[in-house]
Every structure is written in C-alpha cells, then in structure tokens.
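Counting convention: from 1, in listed order, for ligands and their atoms alike.
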Amino acid sequence: MRPFKYTEASDAAVATRAVAANPEASFLAGGTNLVDLMREYIAKPNELVDIKPLAMSQIRPTSSGISIGALARNTDTANHPLVRKDLPLLTMAILAGASPQIRNMATNGGNLMQRTRCQYFYDITMPCNKREKGSGCGALEGLNRMHAIFGHSKDCVATYPGDMANALYALDAVVKVRGVDGKERSIAINDFHRLPGTTPDIDNSLAHGELITSIEVPKNKFAERSYYLKVRDRASYAFALVAVAAALEMDGDRIKHARVVLGGVAHKPWRSAEAEKALAGKPANRAAFEAAAEAALAGAKPLSHNGYKVDLAKRSIVVALERAMGVTAND
Ligand SMILES: Cc1cc2nc3c(=O)[nH]c(=O)nc-3n(C[C@H](O)[C@H](O)[C@H](O)COP(=O)(O)OP(=O)(O)OC[C@H]3O[C@@H](n4cnc5c(N)ncnc54)[C@H](O)[C@@H]3O)c2cc1C
Ligand code: SF4
C-alpha cells in the first residue's frame, strides 16, 4: 500500500477544502471499498480525510419525505423504523448486499460511490480503461459473464455493483452534495452514476472534493407494493447477476404507476421506462408483467458470455412484480 497522510475531518468545510486542494486525496468513510482498492494498488491516494467524525448520520422525516445521512451505516439505515415502514424496498435492497459485518461498517455515501467489481479492474496485470485510461478493456473480448447488457461502450462493459442505489432509483431519490465553494447542490439519483462512453474512468457526476451529505427520498405510494429481487451465484455475500427493484402504485385493480429498475446489467442502475410504460393502466397480472419484461429487455445488447442475462432478467422482472403484489413462490 502506498504511504498516505491521514487526517480526521473536524467539519465539512475543512474536509471538502482538504480533498479539493489535493488531486490525490480521498474521503474515507467506512473504508470497506476504498481500503481494499488501496491494498490492491488500484486506488493510490496520498492523503485520506476521514469524514466519520462529521455529523451526517441522521435519518429523519422532512416535509417532503425522509432524509438519510450520507454517513448513516447501511445496517442502521435498513433497520430504521421510518425506512422499514415507508421505504421497505430500500430495506430489502440494503439487506441483499454484502454481509452483516460489512453493512455495519459501510455508509450510504460510500455505497453510492463503490466501484465496479469487474475482475480485470482488480487485476493490475490486465488492461483496463477504468483503472488506466487508454490501456484497453480486458473484459470486452474476455470473461464477461458478469458484465453489462445495456449502455456499454467499446471502452468499458462493466456494471455498477451496488444494491441500495437500485432501490433509490425506483424511489426518485435526490443526492445532496456540498461543493468545494460551500454551496449545496442536489443531484437527481438518475443523473448520479454515468454510462462509460469514452471516459469509463469517471463513475459519477461528483467533482473531486464534493461531499455527499444526505440522500433525500420523497414521499411515495410504493410502500405497500414493492420488492427487491437479487439473483446471484451464491445465496449471500455475492454481487448481483441481475437484480430488480420493482414497485407498483395501484388505482383499484389497475396499475397507476410502476417502477422497474434493473441492477447488474449496466454501468449504472438501469431504470426501464419501457417496462414502466407497458405496465401503466394495465391490470396487475402475469400477462402484463411478461409484456413489461419483454419491453424492458428488447434493447439489450449481450456480450459473448452473458446472453443468459436477457432471459434471467425477464424472469426476474416477472417474479419481482408478482412478489410486489404479494404473490409468493408457493401461490
Ligand atoms: C466482500 C464485499 C461484498 C460486498 N457486497 C456488496 C453487495 O452485494 N451489494 C452492495 O451494494 N455492496 C456490496 N459491497 C460494497 C459495500 O457496500 C461498499 O464497500 C460500501 O457500501 C462502501 O461504503 P464505505 O463507507 O465503506 O465507503 P469507503 O470504502 O470508505 O469509500 C468508498 C468511496 O466513496 C467515497 N466516499 C465515501 N463517503 C463519501 C461521501 N460522503 N461523499 C463523497 N465521497 C464519499 C470514498 O472517497 C471512496 O472513494 C461489498 C463489499 C465487500 C468488501
Ligand atoms: S469492463 Fe471496464 S472495468 Fe472491466 S476491464 Fe473493461 S474497462 Fe476495465
């Protein structure tokens, strides 16, 4: 590991100024992703500004919904009574991720910022445009069974690996950020992560030194009918092959609004406008769910080793929507 300077942030202004002033500095939160990347020589900061002392871990109701602190731990967020009651989709998504030990350390801000799990990104002997710009993409013609089927480019076919964000996309969350100039700005969650294009080294829309302070989730009517389905190689402690965050608001026996967000299929959580449009106004039955799944996957572009994700995602969408409506595996 490269030697680094370590400081504990006394307040947000000092933290943002310190990181902004040094292009090789990083914020440190729970450290569950950053420290691993440092050990593997993938991240090489020469300065860590530990933000854990900052007062950014509150979870509280607001006039428009729920405010979730960037430093609240994943475990505390998933189990908070407000989140369990009003945002069960978020609870399910967080609890589908990592392990209890990691969730006890991991923070919400760090979770949004976590980097891809592409194996070529982690292997410094292999080419990877995300790790080293212009070096090539090992996965494009290599082992890409875990990789993207939507939104990829010839420069990067990696997926965003997180679970929590998939639920936040379905719930129209907004990420509050403190800029280097001390001004706050809000980023709609859908604009937070980015597609790789020709700059896969850039994961999201934060400028260097900008600090996530909270995640705001507006009031919604999805609490009663939502479900997070994660399909993976092992029952726990594994990243998604495909995940689905599904939520439905009903008007009588018809679907008024739907949310369908796919995880494990793109460089960012993939909200399917096609599936949501196909569901609007329809009765909540298997035929409608299957039509929505077909619409969602119509534009998929699988790679050499991940064609299986197309059918897996279709079936997962149907199951997630059925479970959102209370249909269980035994029904
Ligand atoms: C073995 C393993 C399995 C895992 N499985 C899953 C899984 O199945 N699903 C899943 O979703 N996740 C999974 N994770 C990832 C885990 O959820 C993340 O590592 C964690 O959420 C990161 O949070 P952290 O606080 O530890 O971030 P850190 O590691 O401290 O930081 C990560 C990055 O975020 C930046 N950062 C942190 N906080 C802020 C902030 N407030 N503002 C701006 N930048 C910030 C840091 O500078 C750093 O670049 C797994 C991790 C491990 C190690
Ligand atoms: S898919 Fe992206 S992260 Fe993986 S090797 Fe290619 S450029 Fe690197």
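Ion pairing between a basic and an acidic side chain is recognised when a charged N comes within 4.0 Å of a carboxylate O; Lys314 and Glu294 show such pairing. Salt-bridge annotation for Asp172 and Arg271: present, with a side-chain N of the basic residue lying under 4.0 Å from a carboxylate O of the acidic one.
Scanning Asn111, Ile212, Leu206, Thr16 for the heavy atom closest to atom 42 (N) of ligand 1 points to Ile212.
If you number the atoms of ligand 1 from 1 as listed, the ones under 4.0 Å from a heavy atom of Ala238 come out as 8 (O). If you number the atoms of ligand 1 from 1 as listed, the ones under 4.0 Å from a heavy atom of Asp36 come out as 53 (C). Within the listing of ligand 1, atoms 20 (C), 21 (O), 23 (O), 25 (O), 26 (O) sit less than 4.0 angstrom from a heavy atom of Ala106. Atoms of ligand 1 found under 4.0 Å from any heavy atom of Ala29 (numbered from 1 in listed order, with element): 25 (O), 30 (O), 37 (C), 38 (N). Close contacts of ligand 1 with Phe27, meaning ligand atoms under 4.0 Å from a residue heavy atom, involve 43 (C), 44 (N), 46 (C), 47 (O). Counting atoms of ligand 1 from 1 in the listed order, those under 4.0 Å from a heavy atom of Tyr237 are 1 (C). Near Asn33, meaning under 4.0 Å from one of its heavy atoms, ligand 1 places the atoms 19 (O), 29 (O). Proximity to Gly30 (heavy-atom distance under 4.0 Å) selects the following atoms of ligand 1: 24 (P), 25 (O), 26 (O), 30 (O).
Using 4.0 Å as the threshold, Glu210 has a heavy atom nearer than that to some atom of ligand 1. For the ligand labelled ligand 1, residue Ala165 lies outside the 4.0 Å heavy-atom shell. Residue contacts with ligand 1: Arg73 is excluded, as none of its non-hydrogen atoms falls under 4.0 Å.
Only the side chain of Ile51 comes within 4.0 Å of ligand 1, judged by heavy-atom distances. Proximity of Lys230 to ligand 1, defined as any heavy-atom pair under 4.0 Å, is confined to the side chain (atoms from C-beta onward). With a heavy-atom cut-off of 4.0 Å, Thr32 touches ligand 1 through backbone and side chain alike.
Nearest protein heavy-atom contact of atom 27 (O) of ligand 1 is Gly110 CA, 3.4 Å. Nearest protein neighbour of atom 52 (C) of ligand 1, counting heavy atoms only, is Ile102 CD1, 3.4 Å. Atom 15 (C) of ligand 1 has as its closest protein heavy atom Gln114 OE1, 3.4 Å. Counting protein heavy atoms only, atom 28 (P) of ligand 1 is closest to Gly31 N, 3.4 Å. For atom 36 (N) of ligand 1, the nearest non-hydrogen atom of the protein is Met113 CG, 4.1 Å. The protein heavy-atom contact nearest to atom 13 (C) of ligand 1 is Phe239 CE2, 3.5 Å.
Nearest approach of Thr91 to Ala78, heavy atoms of both residues: OG1-O, 2.9 Å. Minimum interatomic distance between Ala12 and Arg178 (heavy atoms only, all atoms of both residues): CB-CD, 3.7 Å. Summarising the geometry of Leu297 relative to Ala313, their closest heavy-atom pair is CD2-CB, 3.8 Å, with the distance given to 0.1 Å. Pairing each heavy atom of Ser26 with each of Val19, the nearest pair is C-CG2, 4.1 Å. Residues Ala275 and Ala295 come closest through the heavy atom pair N-CB, 4.5 Å. The two residues Arg73 and Asn104 have their closest heavy-atom pair at CD-O, 3.4 Å.
Under the rule for a side-chain contact (heavy atoms from CB on, under 4.5 Å), the partners of Ser304 that lie at least two apart in sequence or sit in another chain are Asn144. Here Phe222 pairs with nothing under the ring pair (Phe, Tyr, Trp, His ring centres under 6.0 Å) rule; sequence neighbours left out.
Taking any N or O of Gly97, backbone or side chain, none lies under 3.5 Å from an N or O belonging to ligand 1. Polar contact check, Leu34 against ligand 1: a nitrogen or oxygen pair lies under 3.5 Å apart. Geometrically, ligand 1 and Ala98 share a nitrogen or oxygen pair separated by less than 3.5 Å. Between Met164 and ligand 1, not a single N/O pair is under 3.5 Å apart. Considering both main-chain and side-chain atoms, Thr107 comes within under 3.5 Å of ligand 1 through a nitrogen or oxygen pair. Taking distance alone, with nitrogen or oxygen atoms compared against 3.5 Å, Val35 stays at or beyond that limit from ligand 1. In terms of polar-atom proximity, Asp163 is counted as a contact of ligand 1, with an N or O under 3.5 Å from an N or O of the ligand. Considering backbone and side-chain N/O atoms, Leu211 never comes within less than 3.5 Å of an N/O atom of ligand 1. Backbone and side-chain nitrogen or oxygen atoms of Arg117 are examined, and none is located within less than 3.5 angstrom of a nitrogen or oxygen of ligand 1.
Side-chain atoms of His147 never come within 3.5 Å of backbone atoms of Asn306 as a donor-acceptor pair (strictly under, hydrogens ignored).
For residues 267-316, every residue pair satisfying the ring pair (Phe, Tyr, Trp, His ring centres under 6.0 Å) rule, not counting sequence neighbours, is listed here: Phe150-Trp270.
Val318 and Tyr228 end up in the same hydrophobic cluster when Ile, Leu, Val, Met, Phe, Trp and Tyr side chains are linked at under 4.5 Å. Under the 4.5 Å side-chain heavy-atom criterion for ILVMFWY residues, no single connected hydrophobic cluster contains both Val327 and Val244.
The side chain to side chain donor-acceptor pair (under 3.5 Å) test with Thr199 singles out one residue from Arg194, Lys130, Lys133, and that residue is Arg194. Looking at Met105, Arg103, Gln101 one by one, the single match for side chain to side chain contact (heavy atoms under 4.5 Å, CB included) with Thr32 turns out to be Met105. Screening Asn108, Asp203, Leu206 for a side chain to side chain contact (heavy atoms under 4.5 Å, CB included) with Met113, the sole residue that qualifies is Leu206.
For CD of Gln58, the number of neighbouring non-hydrogen atoms (other residues, nucleotides, ligands) closer than 6.0 Å is greater than 12. With a 6.0 Å radius and a threshold of 12 heavy atoms from other residues, nucleotides or ligands, Arg185 has its CZ atom above the threshold.
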| said: Run Arg131 and Glu40 through salt bridge (Lys or Arg N to Asp or Glu O under 4.0 Å) and show every step you take. | reply: CA-CA 12 Å; Arg131 178 170 29 76; Glu40 303 284 344; over 6 Å; no
| message | Please determine whether side-chain hydrogen bond (donor to acceptor under 3.5 Å, both in side chains) holds for the pair Glu47 and Asn22, giving the CA-CA distance in whole Å, both sets of side-chain angles, and the decisive distance to 0.1 Å. | response | CA-CA 8 Å; Glu47 180 178 358; Asn22 176 0; 2.9 Å; yes
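Take atom 2 (Fe) of ligand 2 and draw a sphere of radius 2.8 Å; the protein N/O/S atoms inside it number 1.
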